Number of protein chains: 2
Amino acid sequence: LAKIVQTDVESYYFGYPVNAAILTCSSQGVVNAMTLAWHTTFSSVPLQYGVLISRTNFTNPLIAESSEFVINFMPAKHADLVAKVGGCSGNDVDKFSTFGIQTTPGSTVGAPVLSAAYASYECKVVDRKIYGDHELFVGQVAAVQWEESAFSEDGTIDLEQVLPTLTLGEDLYAHVSKTVHHPRR
Amino acid sequence: LAKIVQTDVESYYFGYPVNAAILTCSSQGVVNAMTLAWHTTFSSVPLQYGVLISRTNFTNPLIAESSEFVINFMPAKHADLVAKVGGCSGNDVDKFSTFGIQTTPGSTVGAPVLSAAYASYECKVVDRKIYGDHELFVGQVAAVQWEESAFSEDGTIDLEQVLPTLTLGEDLYAHVSKTVHHPRR
């Protein structure tokens with residue numbers, strides 16, 4: 001079957017689904033939460049995590065000023081919250097009071113940790129750089145807060161206990177079910 | 001329920017599942033394929049894509065020399081190939097002949113495109129930088145080759161036609177099923 005070969009590329013959902021996480025940040029008394037689709041681990045030792053934030057985002061200067069952020073991985077039962085947090089700006093609303101978001105303090109950072117997250121990385125910014133219409137912030141993971149019941153002994157998520165929030169783009173979310181084993185050798 | 005707060009962080013599966021893609025590259029007659037878990041879109045306009053490669057990987061100098069790579073998104077029916085490509089090194093084997101991998105030429109790059117991929121980004125490297133034990137390569141997407149039947153009109157993947165390959169880590173893969181709609185407003 002012939003494929004389409006397209007050089008004028010504007011769509012960016014080809015690599016989806018991706019984990020839709022909620023990033024939290026805090027600077028000088030202003031706290032915000034935003035939904036984040038573009039993020040990945042950068043290094044295993046030391047553990048570093050990178051996030052891409054739109055250059056016009058309300059969150060951008062908060063991270064730049066505080067040099068800290070938290071990335072919260074959310075269970076699919078809260079996918080509606082993930083969508084709504086992504087659908088408005090901290091310029092217009094206090095998302096925490098509007099959506100009744102419960103938080104606990106970060107252990108190493110000023111930004112809050114979402115109570116509903118099954119895992120949260122507390123990050124200290126070690127690098128930042130602009131790429132096109134987004135800015136990369138790379139954080140060193142100073143601490144992780146995680147629910148013991150959500151993970152197996154080998155460190156992988158236990159899909160019997162918690163389901164991740166995966167978006168396909170355009171307000172669509174994928175449902176993840178069983179685990180399949182594919183040995184590498 | 002109290003969470004575990006851990007500051008000595010070595011595990012990195014908290015943010016999984018992630019899309020397990022196959023990166024292809026070619027330099028001076030040497031062609032290789034590797035499985036890649038750490039990657040994300042970096043910018044929408046222009047469309048840029050970033051990949052994290054272990055500093056000791058066979059692939060690393062090939063990308064550095066050619067300043068090109070292709071990232072191939074693979075259907076779950078080829079998850080076994082994705083696992084096996086990730087389980088050996090181009091130092092030891094020619095993965096294309098060993099696993100019978102079919103390719104077609106890149107339209108803008110020398111690296112091959114995997115025939116079985118439902119979408120492939122052809123990337124020209126615009127930036128690189130070392131983070132911990134990995135190196136970041138950021139590519140501008142010069143072309144995308146994609147199967148028309150695999151995507152809906154709004155650009156999202158059509159899970160009725162193709163299933164993505166999502167890994168949880170440790171040779172475990174998630175099965176993605178139905179799509180759920182969560183409006184952002």
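By convention in this document, chain letters (A, B, ...) are assigned in the order of the sequence lines, proteins followed by strands, and residues within each chain are numbered from 1. All values derive from a computational prediction rather than experimental measurement.
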Could you look at [X] and say if it's the side chain, the backbone, both or neither that has a heavy atom under 4.5 Å from chain A?
| X | answer |
| --- | --- |
| B:A83 | both |
| B:S152 | neither |
| B:S107 | side chain |
| B:A117 | both |
| B:I157 | both |
| B:V18 | neither |
| B:Y131 | both |

Chain A interface, residue from B:E170, B:H175, B:K84 that has the most non-hydrogen pairs under 4.5 Å: B:H175
Among the listed options B:A174, B:P164, B:G155, the residue most often paired with chain A at heavy-atom distances under 4.5 Å: B:G155
Selection from [options] maximising heavy-atom pairs under 4.5 Å formed with chain B:
| options | value |
| --- | --- |
| A:V176, A:I130, A:N19 | A:N19 |
| A:I4, A:V141, A:V9 | A:I4 |
| A:S54, A:C88, A:S115, A:A21 | A:S115 |
| A:E10, A:H39, A:Q140 | A:H39 |

Side chain to side chain, [X] and [Y], heavy atoms closer than 4.5 Å:
| X | Y | result |
| --- | --- | --- |
| A:D127 | B:K129 | yes |
| A:P112 | A:V31 | yes |
| A:D158 | A:V162 | no |
| A:L166 | B:P17 | yes |
| B:L172 | B:T167 | no |

Within the 6.0 Å centroid threshold, strictly below: B:W146 and A:F14: yes
A:T35 side chain vs A:G86 backbone, donor-acceptor pair below 3.5 Å: yes
Expected output: side-chain A:K3 to main-chain B:Q145 donor-acceptor under 3.5 Å: no
Derivation and outcome, side chain to side chain contact (heavy atoms under 4.5 Å, CB included), residues B:N32 and B:L23: CA-CA 8 Å; B:N32 195 40; B:L23 182 146; over 6 Å; no
Residue that, paired with B:S120, satisfies side chain to side chain contact (heavy atoms under 4.5 Å, CB included) out of B:V144, B:I22, B:V113: B:V113
Enclosure of A:E148 CD (heavy-atom neighbours >12, cutoff 6.0 Å): no
A:Q6 atom CD, over 12 foreign heavy atoms within 6.0 Å: yes
Side-chain ion pair, B:R55 and B:D133, N-O less than 4.0 Å: no
Toward chain B: residues of residues 40-53 of chain A with heavy atoms under 4.5 Å: A:T40, A:T41, A:F42, A:S43, A:S44, A:V45, A:P46, A:L47, A:Q48, A:L52
Candidate pair A:E122 and A:T108, rule side-chain hydrogen bond (donor to acceptor under 3.5 Å, both in side chains), full reasoning: CA-CA 7 Å; A:E122 302 181 9; A:T108 64; 2.6 Å; yes
Residue-level interface, residues 59-79 of chain B with chain A, non-hydrogen cut-off under 4.5 Å: B:F73, B:A79
Side chain to side chain contact (heavy atoms under 4.5 Å, CB included) evaluation trace for B:W38 with B:L136: CA-CA 10 Å; B:W38 299 351; B:L136 167 69; over 6 Å; no
Single-linkage hydrophobic cluster, 4.5 Å side-chain cutoff, A:V82 and A:L168 together: no
